[in-house]
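Please read the structure below before turning to the comments.
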Number of protein chains: 2
Amino acid sequence: MSVKKQPVTASDVAKLAGVSQSTVSRVFIDGSSVSAAAREKVFAAAKELNYRPNAFARSLTTNESKLIGLVFPDSDYPIHMETLQLLSKELQKNGYSAVLIPWELDAQQQHSIPNIFQYRVDGVMAASAQFNTALYEECQDFNIPIVQFARVEEGTSCSSAISDNYSAGKLAARTLVERGAKKLAYLTGDIPSYTNNERLEGFTEELTDLTGSAPREINTSYVYEQALEGIRAVLAADDRPDAFFCSTDILAIALMDVAKNEFGLSIPEDFQVLGFDDIPQASWLGYQLSTFKQDFNRLAKEAVKQLLKQVQTDDQTMVKLMIPVELVERGTLRSK
Amino acid sequence: MSVKKQPVTASDVAKLAGVSQSTVSRVFIDGSSVSAAAREKVFAAAKELNYRPNAFARSLTTNESKLIGLVFPDSDYPIHMETLQLLSKELQKNGYSAVLIPWELDAQQQHSIPNIFQYRVDGVMAASAQFNTALYEECQDFNIPIVQFARVEEGTSCSSAISDNYSAGKLAARTLVERGAKKLAYLTGDIPSYTNNERLEGFTEELTDLTGSAPREINTSYVYEQALEGIRAVLAADDRPDAFFCSTDILAIALMDVAKNEFGLSIPEDFQVLGFDDIPQASWLGYQLSTFKQDFNRLAKEAVKQLLKQVQTDDQTMVKLMIPVELVERGTLRSK
DNA sequence: CTGAAAGCGCTTACAG
DNA sequence: CTGAAAGCGCTTACAG
C-alpha cells in the first residue's frame, strides 16, 4: 500500500487552535454558533495545516453524501460533452459532486450497479439514452430520488427535464407548410422514445390540422453509417418528399450527404430539411442546417434544481419540466 | 430533510444471520477467513435485507476511498464522450468509481477544487485539455497520484498515457512525400501543447530528412468557425500547399469545407489532406478523410493501469506511456 | 474460524 | 458560545 501522508484531522486543528474538536467541526458547518474569535483561530490553524474536513466521516453522521450518481450519455453524440459539463458544474455550484455510473453493463456486470450504492449517493441523474432498469429498481429500493435529463422513460415514475418536443413538432409542421412544402416526411431512427413520439405527435397533429393529411414516417437508424441505406431508398423512389423533418441533426446531415453526393440534389431547391439538436456540425459550411436548438443550459439547471429539491425535502412529487426549443434558421429552408 | 429509509447495517445482517458483526464484515472483504457455513448465512441475510456495505464507513478505516477524481475533457470534441466511457468503465472494472472534477473554474471558484478533496480521492485522472495548476498543487500537497490522459503538461511530474505523436508526424511526412506532395504544410490551432509539438517535430524531422526542407507551419484556431478565416487566406494565396497535415480532424474538415464550397477545389486533386483523431465525421460521405486513429481504448486501459499502480503501491516512478497510432486511409490522399 | 472491542474522523444533542 | 461524550457503520488487531 502506498505511504499516504497521515491526513490532518479536526483534532489536529483543535490542538493547534487551542479549542475543542467540536468547535473546529462547527466552524466548518454553515450556521453553527461559533464566536468570531474561535472562528479566526480555527481558520488560521486549518490553513496552516492544510486541513480538509473528511466528507466520508461527515456523511456517516449526517446520512447524506452530497454525491449524485450520474448516468451519463452513451453515444458520442456531439452535444453530450457540453451537457455533462453543465450538469457537473450545476451540481458543484450547489455543493454536490457527481459520481459516474457507467451505463453499459452486460448481464454479468449488472451487479456492479449496486456497487455504486455503496457510496450512498443522495440522488441520481439519468442522462443516458438507455434506461437501466436495474438502476431504477435499486433507486426505488433505497428510496433515492432520480430525475431524467432530456429523456423520459414511460412506465416509470421519476421527474424529468425535457425539451418541449410536442411544440417543436407543431412548429416544424407549420414552418415547412408555410414555406411551401407539400409532401412532408418525418425521418427518424430505430429506437422508439418518448421524446421522439412527442415530436412526431406534434408534427402530425399540426400538419393534419393544416393540410388534412399526416406526414409520411420514415424509420431508419440513428447511426450515420446505418442510416445511409434507408435514405438512399427514399431518395431513389418516385414519391420523394419535398420536405424532411429529421429527429436528429445527424439524420438530417446523412440525408443531405447522400442527396448531394450521390443524387446530385440541391437543398432547399429539391427538398427542404429541418433538423433537431443544433449540433456543431449543423453550422458547418457544407451543411448550414436549419434546426431546433435545445436549451441544454436551462435543462441542466432545471434538472439539477428538481433533483436537489427531491433530495433535500420530503416533496417527492414527480414533475415533468418542459423547456422551450428554439428554431435556428440557416440554409435548408426556402424563404417564405 | 427527506425521510430516508433507515439504511440496513452490518449489525442488522449479523442479527438475522446469527453471527457477529465482525463476521458479516469479513464476508464482504475478499480474502478474509470465514467458514463456508457463516458465509452462506450472511449472504442469505444480506440478500433478504438488501444490504450494501457502506463505502464511507469502510474508507474511514481503510483510508482508501476507491474513488478516482476525473478531470474531464472541456470541449465537445467528438471523441471525448467515448473516452469518458472507456475511462469510467475501466475504473469500474477495477473496483473504482469516478468522481467528476469540473475543469472550468473561474478565479472565485478555485476554492471549490479543494472541496473535491473532502472526498479523499485515491488518485486523479486528468483528461482535460486545460491543465489546472491549483488541482496539481493540491494533489502534490496531499500526495495523491495523478496521471494525464492523452496529454502532457510540461514542467510537471506526473505519468501520462499518450499517443505516439512523434512517430505519427514522421509517418505523415513519409506518406505525403510518397504520394507526390511537394509543398507540405502543417495546419494547427492556436493553443500550444506538448502532443502537438511532438507531432510537428516528427513531421519536420522526417520531411527534412526526405526532402531537405521543413514544412510550412500554419497556425489558426482549433475552433471550426474561427479557423475559417485563416484557411481562406492560405487557400487564396499563390503559394498554396499541395498537402496539409492537420493537427485535428476538425481543422482538416474546415479546410476541406472552404476549399470545396468557396474555392471550388477538389481533394485530393488540388491538394492532399491528412487529419488526426479519426472523429466520426471523418468517415462521412462528404469528407472521407484520411487520418490517424488514436487507440483510445488502449490509452484508457494503460492510463488506468498506471494510475492504480501508483495508487496501490509505493512505486511512484513517473512513466510516459506511448501508444502507437494507426493511419486510416480514405479518400483525401492520392494513390501511390 | 470467530467475537468483543477499539478506532477511523466527523456531527450533534446535552450540559454548562 | 463551547466542551465532553456518544454515535455513525465499518475494519482490524487481539484473544480464543
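Order of the sequence lines fixes the chain letters, A, B, ..., with proteins taken first and strands second; residue numbering starts at 1 for each chain. Excluded from the calculations below are hydrogen atoms, water molecules and symmetry mates; all remaining heavy atoms, backbone and side chain alike, are included.
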Task: Closest approach of A:Ala126 to A:Ile146 (non-hydrogen atoms, all atoms of both residues) - done: CB-CD1, 4.4 Å

Task: A:Val34 side chain, from C-beta outward: closest of C:dT2, D:dT2, D:dC10 - done: D:dT2

- [ ] Can you tell me, in whole Å, how much space there is between the P of C:dA6 and that of C:dT2?
- [x] 22 Å

Task: Non-neighbouring partners of A:Thr156 that pass side-chain contact (heavy atoms from CB on, under 4.5 Å), sequence neighbours left out - done: A:Phe131, A:Tyr136, A:Gln148, A:Glu153, A:Cys158

Open item on the list: Any residue in residues 10-21 of chain B with a heavy atom nearer than 4.0 angstrom to DNA chain D? Just list them by number, or reply none.
Closed with: B:Ala10, B:Gln21

Open item on the list: Looking at A:Gln316 and A:Thr313, would you say the former's side chain and the latter's main chain have a donor-acceptor pair under 3.5 Å?
Closed with: yes

Task: B:Gln294 and B:Ser163 side chains, donor-acceptor separation under 3.5 Å - done: yes

Open item on the list: Could you tell me if the side chain of A:Val304 sits less than 4.5 Å from the side chain of A:Ile68, heavy atoms only?
Closed with: no

TODO: Figure out the CZ/C1' separation between B:Arg120 and C:dC8, and round it to whole Å.
DONE: 12 Å

- [ ] Using the closest heavy atom to pick a nucleotide of DNA chain C for each, name whichever of A:Val24 or B:Thr23 lands nearer the 5' end.
- [x] B:Thr23

Open item on the list: Any side-chain to backbone donor/acceptor pair from B:Asn94 onto B:Leu91? Under 3.5 Å, distance only.
Closed with: no

Open item on the list: Determine whether a donor-acceptor pair (N or O, by modelled atom type, separation under 3.5 Å) exists between the side chain of A:Asp164 and the backbone of A:Met322.
Closed with: no

TODO: Check DNA chain C against residues 55-62 of chain A and give the residues with a non-hydrogen atom under 4.0 Å, in numerical order.
DONE: A:Ala57, A:Arg58, A:Leu60, A:Thr61, A:Thr62

Enumerate the protein-to-nucleotides 13-16 of chain C contacts in which both atoms are nitrogen or oxygen and the separation is below 3.5 Å.
| residue | atom | partner | partner atom | Å |
| --- | --- | --- | --- | --- |
| C:dA13 | N6 | A:Arg26 | NH2 | 3.1 |

Task: Spatial distance of atom CG (B:Asp314) from atom NZ (B:Lys309) [nearest 0.5 Å] - done: 11.5 Å

- [ ] Send over the distance from B:Asn63 CG to D:dG9 P, rounded to a whole Å.
- [x] 21 Å

TODO: Quick one: label B:Tyr51 by what it contacts on the DNA or RNA (base, sugar-phosphate, nothing), any heavy atom closer than 4.0 Å.
DONE: sugar-phosphate

Open item on the list: At 4.0 Å (heavy atoms only), tell me whether B:Ser33 reaches a base, stays on the sugar-phosphate, or touches nothing.
Closed with: base

TODO: Measure from CZ on B:Arg52 to P on D:dC10 and round the result to the nearest Å.
DONE: 12 Å

Task: Dot-bracket notation for DNA chain D, counting Watson-Crick and G-U pairs under 3.5 Å, with | for partners on another strand - done: |||.||||||||.|||

Task: Residue pair B:Asp122, B:Lys66: steps toward the salt bridge (Lys or Arg N to Asp or Glu O under 4.0 Å) verdict - done: CA-CA 6 Å; B:Asp122 292 336; B:Lys66 300 280 183 184; over 6 Å; no

Please report, to 0.1 Å, the donor-acceptor pairs under 3.5 Å made by any side chain of residues 39-51 of chain A, with sequence neighbours excluded.
| residue | atom | partner | partner atom | Å |
| --- | --- | --- | --- | --- |
| A:Asn50 | OD1 | A:Arg52 | NH1 | 3.4 |
| A:Asn50 | OD1 | A:Arg52 | NH2 | 3.2 |
| A:Asn50 | ND2 | B:Asp141 | OD2 | 3.3 |

Task: B:Phe56: partners by ring pair (Phe, Tyr, Trp, His ring centres under 6.0 Å), with sequence neighbours left out - done: A:Phe56

Task: By side-chain hydrogen bond (donor to acceptor under 3.5 Å, both in side chains) - contacts of A:Ser160 (at least two apart) - done: none

Task: Protein-nucleotide distance (A:Ile29, atom CD1; D:dT2, atom C1'), rounded to Å - done: 14 Å

Task: Nearest-Å distance for atom pair CG/C1', residues B:Leu49 and D:dG9 - done: 15 Å

Task: Any B:Tyr119 side-chain nitrogen or oxygen under 4.0 Å from OP1 or OP2 of C:dC10 - done: no

Open item on the list: Tell me which residues in residues 35-46 of chain A lie within less than 4.0 Å of DNA chain D, going by non-hydrogen atoms.
Closed with: A:Ser35, A:Ala38

Task: Non-neighbouring partners of B:Ser88 that pass side-chain contact (heavy atoms from CB on, under 4.5 Å), sequence neighbours left out - done: A:Phe72, A:Leu100, A:Pro102

- [ ] Would you please name every residue forming a ring pair (Phe, Tyr, Trp, His ring centres under 6.0 Å) with B:Tyr96, sequence neighbours left out?
- [x] none

TODO: Would you check if there is a donor-acceptor pair between the side chains of A:Gln306 and A:Gln310 at a distance under 3.5 Å?
DONE: yes

- [ ] Would you confirm whether B:Asn63, through its side chain, and B:Ser59, through its main-chain N or O, come within 3.5 Å as a donor-acceptor pair?
- [x] no

Open item on the list: Measure CD/A:Glu64 against C1'/C:dC10 and give the value in whole Å, please.
Closed with: 13 Å

Task: B:Arg26: partners by salt bridge (charged side-chain N to carboxylate O under 4.0 Å, His left out), with sequence neighbours left out - done: none

